Amino acid sequence: MVAAVLFASQVQAQQDTASKSMDEVVITANKYPQKQSSTGKVLTVISRQVLQNNTGRTLAQVLNEQAGVIVNGAQNTLGTNQVLYMRGAGAANTLILVDGVPANDASGISGEFDLNHFSIDQVERVEILKGAQSVLYGSDAVAGVINIITKKQQSKRAFNFNVVAAGGTYGTAKTAVALSGKSNIFTYNLQYNKLRSDGFSSAEDKSGNNHFDKDGFNQDGALLNVSAKASENWQLRFFTQFNQYQADLDDASFMDDKNNRLHNKNIQAGIASIYQFGRGTFNVNINLNNTRRKLSDEKNVPNDPMDFDPYNGLYKGKTIFAEAFTNINLAKQWGLVAGADIRQQKADIETTYGNLGSDSLKSTQYSLYASILLKQLGGFSAEAGTRFTHHSVFGSALTYSVNPSYIINKKLKLFANIASGFRAPSIYNLASEYGNKTLEPEKSASVEAGLQYSHAMVNVRATYFNRHIKEVIIFKSTFVPPYGQYINADEQKDKGAEMELSIKPSSQWSITANYAYVTGKIYSQSPATQKDTSIYNLYRRPKNSFNATVAFQPTKAIFASIGYRWVDKRDDLYFNPDTYQSERKTLASYYNLDIYASCQLHRVIKLFADIRNVTNQTCYDIYGYNNRRFNMMAGVVVNF
């Protein structure tokens with residue numbers, strides 16, 4: 001445990017050795033496949049094997065156990081809004097990618113993508129890239145990016161059939177069915193997922209006698225990936241994903257609601273072209289992302305004192321993304337990545353309080369970027385790049401990055417990253433009833449440095465980071481209609497450290513652990529004194545968090561693991577309806593103990609059981625809302 005607090009590891013399949021993980025091929029770091037040891041960026045890979053060993057859980061729950069990542073809502077009822085904080089940064093400052101393409105909700109206040117839209121069974125692997133990455137990925141990549149890589153064909157056979165069926169506590173049932181295969185020219189993967197749950201009350205019943213109802217969840221999702229070899233050097237890929245879910249909601253902290261519902265749909269479709277030539281590749285991506293959220297809270301429960309404020313809202317967002325880029329090997333040690341992209345967003349919003357059409361809720365971004373890479377010159381590698389972005393409303397932004405690294409004796413890697421980032425105001429920030437078209441983008445400057453040691457059975461990494469964001473976008477209340485407006489006002493300063501460890505003492509045992517520390521304050525100038533005042537504002541984000549897993553695989557057929565997660569106390573802001581004032585509340589620290597086991601009964605049949613919060617801890621991630629107590633999922637996986 002002490003060693004785990006001091007160091008940290010790449011997330012990897014339990015059966016992989018630590019030395020192999022440092023040479024794993026990744027794609028997110030520099031936009032083309034390369035060995036992980038050749039980049040100085042802080043990159044974590046959640047492999048397919050790790051995801052398979054978490055079949056009973058959601059993608060948000062798995063992300064929630066990675067160093068420096070907190071997903072607020074991952075332990076609440078299914079359908080709860082998943083708010084992802086990376087290294088303490090606000091949710092809008094981490095960019096979600098799907099197969100390398102940005103994904104977001106154009107109709108949302110801050111535009112972040114809803115992680116509820118992806119089933120863990122649809123995901124091949126996840127690559128988490130930390131630090132400012134706006135040079136390669138543009139807006140929102142201030143704290144980092146999370147690349148969700150979807151499943152392609154399952155094997156080299158012409159036909160494969162896969163079924164997952166599971167059930168568990170809270171009336172939860174899950175089914176996933178997949179067909180995949182490969183021919184001389186085509187590969188395909190077609191998948192359908194179903195998840196439903198009776199759930200439990202989202203809001204906590206403080207009195208214990210108000211008979212709060214259960215908040216259920218019902219989700220359907222489908223995924224199709226098709227690749228075609230147009231010629232010896234040219235590959236085309238088509239991707240589409242559809243997901244819809246309905247979730248029951250409560251009004252607020254400690255406030256039940258028996259008829260408040262959210263119906264959320266997301267459709268993504270994209271075409272990718274990859275052409276290989278003598279010294280590199282030329283890539284084109286075109287993607288469409290449509291979201292539709294409907295909130296319905298009718299006052300149709302007579303004499304219910306907890307049912308108030310009827311509300312209806314329909315939020316529709318559309319994002320079109322197009323990109324062309326190339327990576328070229330200029331010489332043995334030199335490489336170039338250069339490209340251009342365009343992002344167009346539109347939204348329509350209809351609510352009880354008024355309508356906002358796409359004529360005003362729209363924006364366009366154009367970007368050009370380039371990055372030079374120096375690869376393994378006597379152990380030294382480096383990357384330096386810049387991006388120019390022009391936005392149709394606020395104008396232009398320029399970002400840069402410099403990322404050197406050095407490997408000593410093929411075991412110890414020293415790395416650093418000096419980079420800037422930006423987050424463009426959402427179209428809601430710019431053009432809603434609270435909008436402000438004079439908003440500037442949030443602009444960040446960050447520094448990170450660390451070391452990684454990988455040898456034989458041990459892999460350790462330690463990282464320090466410091467991030468400063470200017471022109472932070474905030475909501476300022478006013479005394480005249482519409483009683484508020486978005487403005488650029490403050491500065492955010494965050495810093496912290498992450499330590500990761502993986503050990504494989506034998507072919508049967510493996511240990512992974514990570515520890516993260518983060519702190520931050522927002523700085524505002526007092527109108528009265530013209531002096532800066534600072535407030536610790538990382539609400540719902542712990543200063544300290546720790547995760548550890550011990551895995552045991554005595555045979556190829558049997559696997560078992562035990563996991564431990566500890567989260568430090570956190571502050572939360574609670575709006576008290578009795579006083580009409582916001583109050584700071586402290587959420588107590590907590591731990592969870594989890595157990596997983598699987599048994600391969602036959603070549604095509606595997607049984608698994610996933611038990612969470614074994615000791616039935618009472619814990620909270622949001623003040624006034626319940627977390628899951630003891631819960632489990634068990635099921636069968638069939639592969640033909």
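All values derive from a computational prediction rather than experimental measurement.
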Q. Going through the distances and angles, do Phe113 and Leu84 end up as a side-chain contact (heavy atoms from CB on, under 4.5 Å)?
A. CA-CA 10 Å; Phe113 184 71; Leu84 189 149; over 6 Å; no
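Closest heavy-atom contact between Thr80 and Thr77: OG1-O, 2.7 Å. The shortest non-hydrogen separation linking Ala89 to Ala143 is CB-CB, 3.6 Å. For Asp250 against Asp257, the heavy-atom pair with the smallest separation is OD1-N, 3.1 Å. Here the closest non-hydrogen pair linking Gly108 and Tyr428 is O-CB, 3.7 Å. Between Ala424 and Gln365, the closest heavy-atom pair is CB-NE2, 4.0 Å.
Distance check: Phe200 CZ to Thr169 OG1 gives 9.0 Å after rounding to the nearest 0.5 Å. Between the CG atom in Asp594 and the CZ atom in Arg57 there is a gap of 6.5 Å [rounded to 0.5 Å]. Once rounded to the nearest 0.5 Å, the distance linking OG of Ser296 with CZ of Arg261 reads 8.0 Å. To the nearest 0.5 angstrom, Leu179 atom CG is 6.0 Å from Tyr188 atom OH.
Tyr245 pairs by the ring-ring contact (aromatic ring centres under 6.0 Å, His included) definition with His117, Phe217, not counting sequence neighbours. Listed by chain and residue number, Glu448, Glu498 satisfy the salt bridge (charged side-chain N to carboxylate O under 4.0 Å, His left out) test with Arg87 (two or more places apart in sequence, or in another chain).
Remark: Arg343 engages Asp341 in a salt bridge, criterion side-chain N to carboxylate O under 4.0 Å.
Annotation: cation-pi geometry satisfied between Lys543 and Tyr536 (NZ/CZ under 6.0 angstrom from ring centroid, within 45° of ring axis).
Remark: the Asn514 side chain and the Gln66 side chain contain no N/O donor-acceptor pair separated by less than 3.5 Å.
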